[in-house]
Structure formats: structure tokens, C-alpha cells
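Okay, structure first, notes after.
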Amino acid sequence: MKRIVIKVGTAVLTQGEELAFERMRNLVKLISTLKNEKNLDVILVSSGAVGAGYTSLKLDKSILANKQTLAAIGQPKLMKTYQEMFEEFDITVAQMLFIADDFDSRKRSKNAKNVMEILLQNKVLPIINENDVIATEELIGDNDQLAAFITHYFKADMLVILTDIDGYYDKNPREFAEAKLQKVVNEIKEDELDKKPSANSKFATGGIVTKLKAADFLMQKNIPMYLTSGFDLTNAYDFLVENSHKSGTIFKK
């Protein structure tokens, strides 16, 4: 692999009504290892803007305009935190915000690709989020599928999703003690993709269904996706740094 996209969810980045600084530091250390020791191009797709905004202003997130307002407040707060943390590892960060229309516009997608290549050539870490201030629920809708688009359009070799579960199970592990982790998934059934998305965090918009949709999109393009915990990055280190698949789920054809 030469280039990977890492997507981290709101549930990982927030704790209660605050940013989860320790988990963010662990993520920063992982990415710095991948960039500085493994010499990988890394693109980070980061949720958390709405949650970060809520730490400063308590608005009802169920109202779209309020959610967009919280994103406007939280995005610079999130970026400032990342910037300060990555500076400790001599990594410069850049912000890129997208909506679904950007991928339908040949001119805009070409401009984005040009900027992306310049950033990566200069060892800068692009940090991507959906432009929640102007996006609506009818557009991309969640960062799992945004990350899949990013992986495809910017020609990455793999998408890694760090979330609040340690992989994909044959049934809900929170409801069934006998649920078994699926280490390798080669096919996703249509009924799994048709289920209604649900999310544990009140600031999150995804859930396992949006991750399956992201995986399905990439599998159709022969791009693998790895799903594992962002709370404990042991599995991610094993897989990405040590090339050892001890746990987590790899989706591939």
C-alpha cells in the first residue's frame, strides 16, 4: 500500500459533551507512525465538528439549521486540536471540506485532485469533512460514504474506518452474547444494506449500515476496507503497522 484513507467517527472523537482528547492523541500517534515510519500517504476523514461545536453552544441538533451552526462553530475547534497535536510530530495539516456535488462536477473534482496531490507530495496531512454548513441530509449524509468516495476519487489503496465496535459481527454483539466477529467479508447481502441506519452517539449520523454501504461501494471497485475499533487502536496497529490481521474486519472481493 502507498496511500490509505482513515475515517474516524464522532463516537470515537467525543466523550460526553467534550472532545475525547486522549483518543485523538492515540489517533495522531498512529497516523504519525504510518506517515513517518511506513512512509504512507494518509488522508484523514474526520467527523466530530457538530460534537465539538456543542461543547461551546448547546443547540438542539435535531434541527438541521442548528446542526449546521454547530458544525460551523466546531470545525475550526476540531482543526485547531488536530493542528496542535500533529505539530508535535512535525506534521502539517490541511483542511478540505466537500459536499456530494463536488464529486459530480468535473472541474471541482479536478481542482480537488490537483490540490490533494500537492499536499501529499509535500507530506501534508489532508483532513477532510463534509461541508455540513451547506450540505443537506439529501446529499452525502454521513462521513462513512464520504470516506468511500474520497478513497475512490483520490486513488487510495484502502479505506480504514475506526469506530465504536471492533469489527463486523454476524449479529449485533450488544444484543447477542454469541455474536461472532467476521474477520473477512467477501459479499454483503442486499437486506443488510437496506436496513435503517442507526447511531449510538447523539451527534453521529451513521451506524453499521452506512459502513456496509461504504464497504459495498468500494468492493465493487476492488478496493478493500478495514473496520475496527477507534477506542483501542491495538488492532489497527497490528493490521496497518505490523501487517498482522488479528482482529477487525476486512471487506474485499
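Side chains are part of it too, since the values below use all heavy atoms of this structure and drop only hydrogens, waters and symmetry mates.
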For D60, does its backbone N or O pair with a side-chain atom of N66 as donor and acceptor, under 3.5 Å? yes
Is the count of non-hydrogen atoms from other residues, nucleotides or ligands lying under 6.0 Å from K183 atom NZ greater than 12? yes
State, to 0.1 Å, how close L240 and M1 come at their nearest heavy-atom pair, and which atoms those are. CD2-CE, 4.3 Å
Clusters formed by hydrophobic residues whose side-chain heavy atoms approach within less than 4.5 Å: which one holds Y169, and what are its other members? L181
Between L119 and I43, is a side-chain contact (heavy atoms from CB on, under 4.5 Å) present by the stated rule, with each step listed? CA-CA 10 Å; L119 291 172; I43 301 169; over 6 Å; no
Give a yes or no answer on whether the side chain of D238 reaches the backbone of S244 with a donor-acceptor pair at less than 3.5 Å. no
Which heavy atom of S229 sits nearest to which heavy atom of L233, and what is that distance? O-CD2, 3.6 Å
Could you give the distance from NZ (K171) to CZ (F176), rounded to the nearest 0.5 Å? 6.0 Å
Is K58 atom NZ crowded by more than 12 heavy atoms from other residues, nucleotides or ligands, each under 6.0 Å away? yes
Just how far is it from atom CG of L212 to atom CG of D216, taken to the nearest 0.5 Å? 8.5 Å
Is it the case that more than 12 heavy atoms not belonging to K38 sit under 6.0 Å from its NZ atom? yes
Can you see whether F217 has K221 sitting over its ring - NZ or CZ less than 6.0 Å from the centre and within 45° of the normal? yes
Test of understanding: clusters of I, L, V, M, F, W, Y form through side-chain heavy atoms closer than 4.5 Å, transitively. Do V45 and V93 belong to the same one? no
Crowding at NZ, K77 (>12 non-hydrogen neighbours, <6.0 Å): yes
Between the side chains of K80 and E84, is the shortest nitrogen-to-carboxylate-oxygen separation below 4.0 Å, so that they form an ion pair? yes
Nearest heavy-atom neighbours spanning L218 and A148: CD2-O, 3.5 Å
Between M96 and A112, the two heavy atoms sitting closest are CE-O, 3.9 Å
Would you say L40 ends up clustered with L159 if hydrophobic residues are merged whenever their side chains have heavy atoms under 4.5 Å apart, either directly or through other cluster members? no
Looking at T55 and E18, would you say the former's side chain and the latter's main chain have a donor-acceptor pair under 3.5 Å? no
If we only count heavy atoms from C-beta on, is the K123 to N39 side-chain gap below 4.5 Å? yes
Counting distance only, does the side-chain N/O of N129 pair as donor-acceptor with the main-chain N or O of S46 below 3.5 Å? yes
Test Q95 against Q75 for side chain to side chain donor-acceptor pair (under 3.5 Å), laying out the working first. CA-CA 10 Å; Q95 175 179 261; Q75 190 63 35; 3.1 Å; yes
Is there a path of hydrophobic side-chain contacts, each under 4.5 Å between heavy atoms of I/L/V/M/F/W/Y residues, joining L227 to V209? yes
T234 backbone acceptor or donor facing D232 side chain under 3.5 Å: yes
Check whether I127 and L120 end up in the same hydrophobic cluster, where Ile, Leu, Val, Met, Phe, Trp and Tyr are linked by side-chain heavy atoms less than 4.5 Å apart. no
F154/V5 under side-chain contact (heavy atoms from CB on, under 4.5 Å): CA gap, chis, key distance, verdict: CA-CA 9 Å; F154 295 126; V5 175; over 6 Å; no
Salt bridge between D144 and K7, side-chain N to carboxylate O under 4.0 Å? yes
To the nearest 0.5 Å, what is the distance between CZ on F231 and CG on N26? 12.0 Å
Closest contact, heavy atoms only, L97 versus E130: CD2-O, 4.3 Å
Euclidean distance, L70 CG relative to L59 CG, rounded to 0.5 Å: 4.5 Å
When rounded to the nearest 0.5 Å, the distance separating OG1 of T14 from CG of L19 is 7.5 Å
Of all residues at least two apart in sequence or in a different chain, which pass the ring-ring contact (aromatic ring centres under 6.0 Å, His included) check with Y82? none
Does F21 belong to the same Ile/Leu/Val/Met/Phe/Trp/Tyr cluster as L30, with side-chain heavy atoms less than 4.5 Å apart forming each link? yes
Electrostatic pair R3:E117 at N-O distance under 4.0 angstrom: yes
How far apart are the closest heavy atoms of A179 and P173, and which atoms are they? CB-CA, 3.8 Å
Interatomic spacing from OG in S32 to CD in E37 - rounded to 0.5 Å: 7.5 Å
